[in-house]
2 protein chains.
Amino acid sequence: MKYLFSILVFMAAINITNAEDGYKLWLRYDKIDNPVLIEKYRQLIKGYSFKGNSPSIKVAEKELNLALNKLLDCEIQTLDNLRSNVILAGAHKNITLNLPEEISNKLKTIGDEGYIIKTFETEGKRITLITANADIGVLYGTFHFIRLLQMQSDIDNLNIVESPLIKLRLLNHWDNLDRTVERGYAGFSIWNWHLLPDYIDPRYKDYARANASIGVNGTVLTNVNANSLVLTKQYLKKAAALADVFRPYGIKVYLTARFSAPIEIGKLSTADPLNPEVRKWWKEKAKEIYELIPDFGGFLVKANSEGQPGPQNYGRSHSDGANMLAEAVEHYGGVVMWRAFVYDNNVPEDRAKQAYNEFKPLDGKFKDNVLIQVKNGPIDFQPREPFHPLFGAMPETPLMMEFQITQEYLGQGTHLVYLAPLFKECIESDTYAKGAGSTVAKVIDGSLDNHALTGIAGVSNIGNDRNWTGHLFGQSNWYAFGRLAWNHNLTSEQIAEEWIRLTFGNKNEIVEIIKNIMMPSRENTVNYMTPLGLHHIMGWDHHYGPAPWIKDKPRAEWTSVYYHRADSNGIGFDRTVNGSNAVSQYHSPVSEIFNSLEKCPEKYLLWFHHVPWDYKMKSGKTLWEELCNHYYAGVDSVRSMSKKWKQLEGKIDSELFDHVSMLMKIQEDEAVWWRNACVLYFQTFSKLPIPEGFEKPDKTLEYYQSLEFPYAPGIRPKWH
Amino acid sequence: MKYLFSILVFMAAINITNAEDGYKLWLRYDKIDNPVLIEKYRQLIKGYSFKGNSPSIKVAEKELNLALNKLLDCEIQTLDNLRSNVILAGAHKNITLNLPEEISNKLKTIGDEGYIIKTFETEGKRITLITANADIGVLYGTFHFIRLLQMQSDIDNLNIVESPLIKLRLLNHWDNLDRTVERGYAGFSIWNWHLLPDYIDPRYKDYARANASIGVNGTVLTNVNANSLVLTKQYLKKAAALADVFRPYGIKVYLTARFSAPIEIGKLSTADPLNPEVRKWWKEKAKEIYELIPDFGGFLVKANSEGQPGPQNYGRSHSDGANMLAEAVEHYGGVVMWRAFVYDNNVPEDRAKQAYNEFKPLDGKFKDNVLIQVKNGPIDFQPREPFHPLFGAMPETPLMMEFQITQEYLGQGTHLVYLAPLFKECIESDTYAKGAGSTVAKVIDGSLDNHALTGIAGVSNIGNDRNWTGHLFGQSNWYAFGRLAWNHNLTSEQIAEEWIRLTFGNKNEIVEIIKNIMMPSRENTVNYMTPLGLHHIMGWDHHYGPAPWIKDKPRAEWTSVYYHRADSNGIGFDRTVNGSNAVSQYHSPVSEIFNSLEKCPEKYLLWFHHVPWDYKMKSGKTLWEELCNHYYAGVDSVRSMSKKWKQLEGKIDSELFDHVSMLMKIQEDEAVWWRNACVLYFQTFSKLPIPEGFEKPDKTLEYYQSLEFPYAPGIRPKWH
């Protein structure tokens, strides 16, 4: 007994000294800390048996073995003979046992990626079945089962049927071949191109595990500001090595295609999509790729946007360009994801309207394996935007959602901003394309217009920081993206709770505190950055910090004043019928609501209206007062968040606690920076005092305007 | 008993599943695996008591607590009352116990950084004393004591007296403010400048722990190709935050000073070191720095070298420049480390001779707080160079050694090359400056010319890869640098054995295998890269892979043909009295030995002589045959190294095993690449066949010449 005691003491010591660095993400598999429950689980899980021999089955078995041994703190292994309380896992065709008929019926409805987890009795034995139509479904089901244990759920009598609502669930990495990451705030690219294909970093497998556990099934390895070198044999072999690692996890590799690649690496004199030599070059390139990566997913293309080459260089349309690439990959089952993020400073039109103007006329002109990838809002991943008017405007074309997980405009590497509410706000928006209930969700999951090919992409926040995402809570955004991509009906709160339990354990007190920090965090950030529909008033180039004073740059739409239009009368971009008429790109009644100063939701007010400083808001306050209120409330909410976090001291791992504490201090300082800089700057137009009772800025506007950050992270090196 | 069993099973499982990623370096503190010994240690270490309250004492106590709890697998804590078998640690002045007189005597000889570890009895109690003149010595002694346990040494009766032979033991980071690392092959900079000073990455503390454990006491944070921005207040605050982390560990922060900083950030019109405004600017800058970092170490300067500005831009000398900076920091105890790495393509002189020509005349003209930092050899960190002729040539000036730990020319991130033999070869070289026995070691430890200010620097191989150094065995080079900087009398083999035991455990079989891999590894690399005195025949710019064909570049000394001078008659750089006469820069008899074709060690042959292809070598073979022999032997030795490594499968952690196995495969491929490319290229001059029995290259010379690596790591971005 004395010896036992010293072992237990030792184990406690280990827990103290093994500081948690966040590398394991939500797959920590810490021992279940409830002694009654762990004993119960041990009784209910005496072993497991996996049927089938595919790589996906092998990794599923390995994952379950790892998870059970760690979570249940004892060795649980594969069993040859079926006995009671085992987990039986395999594709339906590999299960020889007689299964309840309902299982076969349900399997018909869940496709290749869906799965069933079902407890049933046969021959007096209690079996937990994880089955699917395909082995990848078994892997997904295995991760789901593990998650149930991690969350200390009841597993007595499971009856789970799951299948994804969207077909392509992709991360987009804006990673360059030199390992810089455009808009990356978590170190540098995890793709070590130089050492590939011969050195396989263990991270690659852990990346695949994490993604498979949340249902992400594809990854675009390279930046949309593309480098054609990645399409050379030398680099394709490297991409193929990654594809080999990811394949068992159901993750396909995609690449960005630089439109001028036929010139740059193909030695052609043109990249005209209607030129036969060019078309032949892409077909041969596709053949070369598929020989190396038989399940290559396809191309993501940024064309004729922000200086990238495209079909318009040759007087051709986006559909000409997309269809040429689509033709090259269609034979192999590949797709083309063509981005709608286009705008041109030579076009005398509100930037917010240009993508719609460009793409709507092309509806119906794209090949079947083309998706148009549309950002959630019409500008660029701002803290808040109304949904993009293209959603609901192109019924003949599969529109793919592009969210940004990396927080380019939401505090970059240091602000705790849980993004699920932003994602949900967009997909729950009603486009009214086919009357009430025509939500963005139904556009992208294909149900509104009967598209079988559907997709959603998240611009990755992953880097080579030890904890993958820089800010620990960045992990929650990666997690939330994957979970919503699988099932957009999940609530932000459900997902937050899952992630917290997987990351911080199941103590309710801890879960509640962290949930209360996460849930309002996005609204907080809108408040201290861009309340009431303001947008695009951040720092030049690096987009770090506030800079509403940016003007006189080579492109007007790259300035701040273009967007907020503050003057002595008021503030906001008039996009009503009297202004740029961007409201007309929305269906009725959305267009009328946005067009109306009274009906427009105040959260979008300055997006659509130029509003006088003394305009009476719903609160009864003037616009100026309300604006100040929001900025000050934003800072207060960060302070309140910090107070909540401090309650966790001593209750969670100290390294994680310190990590977040330091970042919250930065967030608070930067929230004050945003508030002061914006209020002081807008005050030069409103000429109104900061309302009574608010702390006065301790720095001048000139101070804030003088700040420079030449090495702020996430900028593409200029030599690209 | 059954419960106990299940706990033990669990612990075994944890060991299996906690894959080792190398983050912990040589401070792993894994539980001692010898049950008899661990019990003995537990008897001999019942507790500890630290005397003193300084930050250094606190981190020493924390480190010992961590190490004991993990190594001995039980909780060992501080004791208030002295009892038998305790560790008593503290500076001498804080120890109230009566100590044996010999301790006081010895303390007088070991300076501020030395320490004593002594077992003795007092009042019937057995005490292990760790004491020193200063608290930092106590920390060093604590790390030494921990190392004894890690190596499973006998601690019954300790009597250790240690002090460093060299005063400044520094890492030089060639890290840029954008986190790229010039010649870095382990990811990117661990300094996250953007988040400093508010976010303190836990890595900073672990970096300090690791360095303190091997006696490194200073770090130059920034690249010698310097950016003056680091001297602005904004960045100095960031450097100060790092200094705060490092201070308890006895590590001082140094910065690189860009000579033109007074112009770039000071708005002066000149950086002339004799200009009063310039001198005043540097003095004020030093004052500003010392207000933020009271123990700031000083400046490292690369001036008038490879495009960097310097005093010669104003017609002044290196001593003018160095003395100006020295004057600015001398009041605060700071030093200036002025690099001797200078050469100029406008000077019609053998590059190998230029540093000597430039600096020798300045001997005696530097202020007392200036060190001249000299690379180990006269060219640039080649796999093998003779020692730099400046060693022994400047008796009035403290010469600081600059070694390169990062493997710019020795396989970069993927070759296992244990560098201690390279370091030792240099420091054991006899300069004969004051007759036989005037070794380079005695020059740099100050004993030859009675310098109190002494220094040694290693260009860091550290990056933000999870294991710090990219290649696991890169850790051994960091370790070896630190250990040799402390005591250059240690043998390469002693250090290898220490590092292996700390990294892979104490099983003799494993230790022997790994030692047999490490010890010949540097000679292997010389063989497959640059045998017989060849040098500087690597790839252009990135220095990756072989490229003896490089010619016709803007600067002749940046080509390969400048160095190997192969022609139809023979190969090698004639540096004899009939050639460039570089030999004359060495003292007699070294100069005569190097000058003589017969006496010159064959390992330096082509460094000093242009030798006919049919010259008869000591082996009886012709030069051409011998050259081929070396190249082929190099490849064979890599293959043999791989075979030895394979013997470890299943005997060491599988993640570490796989990691090194993949890298060794790359090393083998690249050794073949070096051999084939060099032999095929030199064959175009020798016109002689590859000797019988050697495998023929499977690729052509043209193939090797066609290879391009636009994103090879470690190049300074061109926009700097």
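- At a heavy-atom separation below 4.5 angstrom, chain B is approached by A:His194, A:Leu195, A:Asp198, A:Tyr199 within residues 189-199 of chain A.
- The environment of B:Glu708 atom CD is sparse: at most 12 non-hydrogen atoms of other residues, nucleotides or ligands sit within 6.0 angstrom.
- Heavy atoms of A:Tyr185 lying under 4.5 Å from chain B are absent altogether.
- For A:Glu655 against B:Pro202, the heavy-atom pair with the smallest separation is OE2-CG, 3.6 Å.
- Other residues, nucleotides and ligands contribute at most 12 non-hydrogen atoms within 6.0 Å of the NZ atom of B:Lys237.
- Of the two parts of B:Tyr544, only the side chain, counted from C-beta on, holds a non-hydrogen atom closer than 4.5 Å to a non-hydrogen atom of chain A.
- Of the candidates B:Asp201, B:Asp21, B:Asn464, A:Arg466 forms a side chain to side chain contact (heavy atoms under 4.5 Å, CB included) with just one, namely B:Asp21.
- Of all the heavy atoms in A:Tyr711 and B:Leu229, the pair that sits closest is CE1-CD1, 3.6 Å.
- Residue B:Phe188 comes nearest to A:Asp178 through the heavy atom pair CZ-O, 3.6 Å, listed as atom of the first residue, atom of the second, then distance.
- Heavy atoms closer than 4.5 Å to chain B are found in the side chain of A:Gln234, but not in its backbone.
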